[in-house]
Each structure stands twice: as C-alpha cells, then as structure tokens.
Amino acid sequence: MPLRLIFMGTPDFAVPTLLALAGHGHEIAAVYTRAPKPGGRRGLALVPTPIETEARRLGIPVFTPRTLKTEEALAEFRSHQADAAVVVAYGMILPQAILDAPRLGCYNLHASLLPRWRGAAPINRAIMAGDAESGVMVMKMDVGLDTGDVAMAERLAITDAMTASDLHDRLAPIGAGLMVRAMAALEHGGLTLTKQAEDGVTYAAKIEKAEARIDWTRPAHAVLRHVHGLSPFPGAWSEVTLDGEAVRLKILRCEQVAGAGEPGAVLDEQLTIACGDDAIRIIELQRAGKAPMKAADFLRGTPLKRGARFS
C-alpha cells in the first residue's frame with residue numbers, strides 16, 4: 001500500500017520531491033511549510049512559499065505553525081496519522097516528540113555528502129570550499145543537526161563552471177528521485193540505514209553578508225569558487241570607480257584564465273581581473289539596482305579599460 005505522508009518543506013528545492021511523491025501514489029495527508037512573508041513590488045502582499053503554492057494547487061491541506069514545540073502543535077501533527085514524514089529544507093527544528101509521531105519516522109533529504117556539510121548552506125559551502133563533488137542523501141532524522149543514519153545517496157561532480165544555482169537545479173530532481181526510492185523501500189520494509197562516519201564532519205554555516213566581498217589577493221581558483229558559490233544570492237561583489245564614483249558590482253559567473261598583475265587590476269578590455277595568482281574573466285555581472293547582464297553587454301555601455309581597479 002502507498003504510504004500516508006506528511007511533507008515538510010519550504011523553498012523551490014523541495015518542490016520536485018513533493019511532486020514526485022504525490023505522482024508516485026503516496027497519500028500526502030498534510031503539508032507543513034513556513035508562513036507567508038511580505039513581498040511583491042511594494043512588500044505589502046503576503047507571498048506563500050513555493051511549497052504552499054504547489055500544495056494548494058494539488059488540493060493538499062497546508063499548515064504553517066510558528067513552532068512545533070507546543071502540545072497543540074504536537075496534537076495536530078499526530079492527528080494526521082501519518083506513516084512517515086518527509087522533510088526537505090523545511091527551515092524549522094523538529095523536536096523529539098514530532099520525530100517520534102509518525103509510525104515509521106521522519107526522513108530528511110539533505111544536499112550534501114554527509115557527514116560533510118551538515119547545516120544550512122551545503123550547496124554554497126561545497127562550491128566555495130573547492131569540493132570536487134556534492135550530492136544528496138536521505139537520512140532518518142534524529143534531534144542532532146543532520147546527524148541521522150543515512151539510507152541512500154547520489155553523488156554529482158562539481159565543475160568550476162557550476163554556480164550555486166546550477167548545482168541546486170541539478171540536485172533537486174536527483175533528490176526527488178532518491179526520496180521516491182527511499183519511500184518505496186520503506187513501504188516494503190527494505191530500507192537499510194547506516195550510521196554516518198565520525199570522521200570528515202564539517203558544518204555549512206548560513207551565508208553571512210560580510211562574506212560576500214571578493215578578496216582579490218586570493219588565488220584565481222579560490223576567487224572563482226567564491227563567486228560561483230554565492231551566485232546568484234547573495235552575490236559576491238567588489239567595487240570599481242566609474243565616472244569618479246565607487247560602484248558596487250556583483251559578479252555572478254566567471255572563468256579562470258592566465259594573467260598576472262596587481263590583485264584587482266583590470267588586465268584588458270574583456271574584464272579580465274588579476275588575482276593573487278592567475279586571473280579570472282568576468283562572464284556575467286550585476287550592477288546595484290539593475291538586472292544581471294553579460295559582461296559584453298555591460299562593457300558596451302560602461303567601458304572599463306586596462307588599469308582600472310576592483311577593490
């Protein structure tokens with residue numbers, strides 16, 4: 001028999017998993033997500049999460065509790081009489097009582113190769129650290145931070161051309177398929193769990209705005225990975241003087257090229273910027289208050305010649 005599930009998730013990354021589970025015949029008894037936030041052009045309208053939007057389209061009841069630690073929240077959760085809960089980037093800690101409520105437990109889809117990059121920003125941190133691969137894992141949740149036993153995993157190579165957005169978009173459907181397989185195994189009593197390794201634990205701390213400024217004294221490969229790990233949000237940035245005014249530019253995509261010069265110096269008229277070792281060439285960027293654009297389009301309206309300096 002298909003499982004009766006509670007689905008708990010919030011951002012775009014979680015949507016493919018919700019759709020895949022529903023599409024494979026599982027009964028989604030309830031969807032839990034974060035409450036709508038002010039948004040829109042003037043910030044006046046309440047904007048639902050991507051998961052809430054999809055759940056309502058599918059006719060699934062939606063719940064947006066601000067806490068799961070009250071007796072009322074626990075009673076409501078139990079009332080769904082779920083076999084299991086599936087959690088994908090929900091954004092709220094599940095207390096032990098909630099974890100114990102479903103008959104078969106709670107299962108999380110995490111976007112890293114655990115125990116590496118436990119925590120909030122595994123996709124960004126894997127790229128920024130220069131990792132050669134990432135992946136997704138299904139684990140049975142416990143009260144620790146991504147410390148539960150692992151059921152299944154899929155790996156994916158990280159290339160230097162990948163941004164955080166690229167890796168996110170590759171991992172989301174892979175993760176959806178992985179969770180469908182895990183729930184099928186759980187349904188038939190064949191889901192095997194393995195404890196995480198004690199070695200190699202790292203934590204993917206939330207990205208802070210202060211990290212976004214580019215340090216041009218670092219080697220070109222490190223600068224490239226920093227840029228791509230923060231693209232498109234919050235966006236790695238630097239300042240350059242245009243018409244006598246310091247202007248902030250977010251760099252969204254770049255490539256490593258040969259070149260040498262004072263770190264931050266513009267080496268040619270193709271937006272090649274010297275780093276501490278070698279150089280990068282900017283492919284896509286964004287000026288404050290403007291839409292992202294290709295470097296060639298930017299240069300047509302704002303020529304930056306050799307000798308200009310990013311800081």
Side-chain angles (χ1 to χ4, degrees), residues 1-38 46-110 120 136-152 172 175-191 193:
M1 294 290 292
L3 295 173
R4 182 174 170 87
L5 302 174
I6 294 171
F7 187 90
M8 311 177 80
T10 295
D12 287 324
F13 185 81
V15 169
T17 304
L18 172 62
L19 298 180
L21 290 170
H24 279 76
H26 294 292
E27 180 186 0
I28 313 298
V31 161
Y32 278 64
T33 189
R34 303 306 296 271
K37 292 184 177 181
L46 288 177
V47 179
T49 69
I51 281 294
E52 178 174 351
T53 298
E54 288 300 320
R56 294 200 183 281
R57 186 180 65 82
L58 294 171
I60 303 171
V62 175
F63 298 83
T64 59
R66 298 194 178 278
T67 179
L68 294 170
K69 296 180 179 179
T70 65
E71 286 299 322
E72 293 79 9
L74 177 59
E76 184 175 69
F77 195 84
R78 284 174 171 164
S79 73
H80 305 306
Q81 299 182 320
D83 296 315
V86 170
V87 183
V88 186
Y90 177 44
M92 189 183 295
I93 299 297
L94 306 192
Q96 187 66 58
I98 293 288
L99 293 174
D100 292 340
R103 180 174 63 88
L104 298 174
C106 298
Y107 296 84
N108 176 245
L109 179 70
H110 187 73
V136 281
M137 284 186 160
V138 172
M139 66 176 171
K140 186 173 184 181
M141 297 176 71
D142 59 22
V143 292
L145 178 62
D146 299 325
T147 55
D149 294 348
V150 172
M152 293 181 175
L178 191 69
M179 185 60 78
V180 166
R181 286 164 46 201
M183 290 300 100
L186 183 66
E187 178 186 347
H188 295 100
L191 190 65
L193 299 172

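Position 1 is the first residue of the sequence; numbering continues from there.
Residue Val86 forms a side chain to side chain contact (heavy atoms under 4.5 Å, CB included) with just one option from Ile28, Val138, Leu21, Leu109, and that option is Leu21.
Annotation: side chain of Thr53 is not in contact with side chain of Pro50 (no heavy-atom distance under 4.5 Å). Using a 4.5 Å cut-off on side-chain heavy atoms (C-beta onward), Asp83 and Pro102 make no contact. You'll find the side chain of Met152 stays beyond 4.5 Å of the side chain of Tyr107, heavy atoms only. Looking at heavy atoms from C-beta onward, Pro36 lies out of side-chain contact with Val47 at the 4.5 angstrom threshold. Val88 is not listed as a side-chain neighbour of Met8, based on a closest heavy-atom distance of 4.5 Å or more. Between Pro38 and Leu46, the closest side-chain pair of non-hydrogen atoms falls below 4.5 Å. Two residues are said to be in side-chain contact when any heavy atoms from C-beta on lie closer than 4.5 Å; Leu193 and Val150 fail this criterion. Side chains of Tyr90 and Leu68 form a contact here, defined as non-hydrogen atoms less than 4.5 Å apart.
Remark: side-chain polar atoms of Arg4 are paired, donor with acceptor, to backbone N or O of His80 under 3.5 angstrom. Using a distance-only test at 3.5 Å, with no hydrogens or angles considered, no donor-acceptor pair links the side chain of Asn108 to the main chain of Met141.
Ring centroids of Phe63 and Phe77 are separated by 6.0 Å or more, keeping the two rings apart. Side-chain rings of His26 and Phe7 stay apart, their centers remaining 6.0 Å or farther from each other.
Here the CZ atom belonging to Arg103 is positioned 8.0 Å from the CG atom belonging to Leu186, to the nearest 0.5 angstrom. Here the CD1-CG distance, from Ile60 to Leu18, works out to 5.0 Å after rounding to the nearest 0.5 Å. Taken to the nearest 0.5 Å, the CG atom of Asp100 stands 8.0 Å off from the SG atom of Cys106. Between the CD1 atom of Ile51 and the CG atom of Asp12 there is a distance of 8.5 Å, given to the nearest 0.5 Å. Atoms CD and CD1, on Glu76 and Ile98 in that order, are 9.5 Å from each other to the nearest 0.5 Å. In this structure, the separation between CD on Glu72 and OG1 on Thr67 is 10.0 Å, given to the nearest 0.5 Å.
The shortest non-hydrogen separation linking His110 to Asp146 is CE1-OD2, 3.2 Å. In this structure, Ala182 and Leu191 approach most closely via the heavy-atom pair O-CD1, 3.7 Å. Of all heavy-atom pairs between Glu187 and Pro2, the closest is OE2-N, 3.6 Å. Taking both residues in full, the closest heavy atoms of Met139 and Gly148 are given as SD-N, 3.8 Å, listed atom of the first, atom of the second, then distance. The two residues Leu178 and Val136 come nearest to each other via the heavy atoms CD2-O, 3.6 Å. The two residues Ala101 and Arg78 have their closest heavy-atom pair at CB-CG, 4.0 Å.
For Ile93, the CD1 atom sits in a loose shell: 12 or fewer heavy atoms of surrounding residues, nucleotides or ligands are nearer than 6.0 Å. Other residues, nucleotides and ligands place more than 12 heavy atoms under 6.0 Å from the CD atom of Glu27. Other residues, nucleotides and ligands contribute at most 12 non-hydrogen atoms within 6.0 Å of the NE2 atom of His24. Glu71 CD: 12 or fewer foreign heavy atoms inside a 6.0 Å radius.
A donor-acceptor contact under 3.5 angstrom links the side chains of Thr33 and Thr49, judged on distance only.
Residue pairs that meet the salt bridge (Lys or Arg N to Asp or Glu O under 4.0 Å) test with at least one member in residues 50-60, sequence neighbours left out, are Glu52-Arg56, Glu54-Arg57.
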